[in-house]
Amino acid sequence: MFDFEKLEVYKKAKAFNKDVLVLMKNTKSIDVVAKNQLRRASLSIVLNIAEGTSRFSKADKRNFYVISRGSEFECVAIFDVMKDETILTEEEFTQFYGKADELSRMLFRMIGNLSNN
């Protein structure tokens with residue numbers, strides 16, 4: 001088993017990514033650009049968590065978790081635009097926002113634990 005597979009944040013990131021894929025499959029009105037960007041950003045969260053665990057220095061690990069968190073923010077911005085365009089309902093937006101917020105907080109703690117204070 002790889003180290004990242006044991007992390008709760010990795011498991012939640014995978015579930016978030018799966019939810020995004022289901023959304024894209026079930027929502028035909030998402031334009032190709034937004035769909036592609038959302039797909040890449042949600043996958044980036046998962047992949048950067050995994051890659052971060054492979055690094056030896058705290059600074060390297062931290063960098064990958066920062067990138068992962070940035071991708072989380074990107075997803076939220078896309079969801080916000082989709083809500084404004086009525087592609088997402090308020091309820092769908094709230095559900096994705098809550099999951100993203102939880103992941104963001106977990107990553108923030110991981111980043112904080114690796115800071116050079």
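Remember, it's a predicted structure, so these values are computed and weren't measured experimentally.
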| message | Could you report the tightest heavy-atom contact between A13 and V46, atom names first, then the distance? | response | O-CG2, 3.4 Å
| field | Atom pair CD1/NZ of I49 and K12 - distance to nearest 0.5 Å | value | 11.5 Å
| said: Hydrophobic clustering (ILVMFWY, side-chain heavy atoms < 4.5 Å, transitive) - are F4 and F56 grouped together? | reply: no
| Between L47 and E51, does a side-chain contact (heavy atoms from CB on, under 4.5 Å) hold up when you go through it step by step? | CA-CA 6 Å; L47 298 179; E51 191 164 357; over 6 Å; no
| said: Can a donor-acceptor pair be found, under 3.5 Å and without considering hydrogens, that links the side chain of K61 to the backbone of R55? | reply: yes
| Is there side-chain contact between V20 and M24, with heavy atoms separated by less than 4.5 Å? | yes
| query | Would you say Y97 has more than 12 foreign heavy atoms packed within less than 6.0 Å of its OH? | reply | no
| message | How long is the straight-line distance from CG of D31 back to CG of L38, given to the nearest 0.5 Å? | response | 10.5 Å
| Verify same cluster id: V33, V81 (apolar side-chain graph, 4.5 Å) | no
| said: Applying a strict under-4.5 Å side-chain criterion to I, L, V, M, F, W and Y, I'd like to know whether L114 and F108 cluster together. | reply: no
| request: List the atom of N17, the atom of L43, and the distance in Å for their closest heavy-atom pair. | output: OD1-N, 3.5 Å
| Atom CD1 of I111 and atom NZ of K58: how far apart are they, to the nearest 0.5 Å? | 14.5 Å
| field | From R69, K99, E72, residue fulfilling side chain to side chain donor-acceptor pair (under 3.5 Å) relative to S104 | value | R69
| task | Look up atom CD1 in I45 and atom OH in Y65, then write down how far apart they are to the nearest 0.5 Å. | result | 14.5 Å
| remark: For F64 and G52, the nearest pair of non-hydrogen atoms, with its separation, is CB-CA, 3.6 Å
| said: Tell me whether S42 contacts the main-chain N or O of R39 through its side chain, where contact means a donor paired with an acceptor under 3.5 Å. | reply: yes
| query | So how far is it from D101 CG to M106 CE, rounded to the nearest 0.5 Å? | reply | 12.0 Å
| Between the main-chain N or O of E90 and the side-chain N or O of T94, is there a donor-acceptor pair closer than 3.5 Å? | yes
| message | Quick check on ring-ring contact (aromatic ring centres under 6.0 Å, His included): which of F93, F73, F96 does F79 satisfy it with? | response | F96
| Same cluster or not: are I67 and L7 linked, directly or through other Ile, Leu, Val, Met, Phe, Trp or Tyr residues, by side-chain heavy atoms under 4.5 angstrom apart? | no
| note | Heavy-atom closest pair (A41 atom, C75 atom, distance to 0.1 Å) is CB-SG, 3.7 Å
| query | Hey, what do you get for CE (M110) to OG (S68), rounding to the nearest 0.5 Å? | reply | 8.0 Å
| said: Do E8 and K11 make a side-chain contact, defined as non-hydrogen atoms from C-beta onward lying under 4.5 Å apart? | reply: yes
| Is atom NZ of K83 surrounded by more than 12 heavy atoms (other residues, nucleotides or ligands) closer than 6.0 Å? | yes
| task | Just do the side-chain contact (heavy atoms from CB on, under 4.5 Å) check on M82 and L23 with the steps written out, would you? | result | CA-CA 12 Å; M82 289 171 62; L23 171 72; 4.0 Å; yes
| request: Return yes if some donor-acceptor pair links the side-chain N/O of N113 with the main-chain N/O of R109 below 3.5 Å, else return no. | output: yes
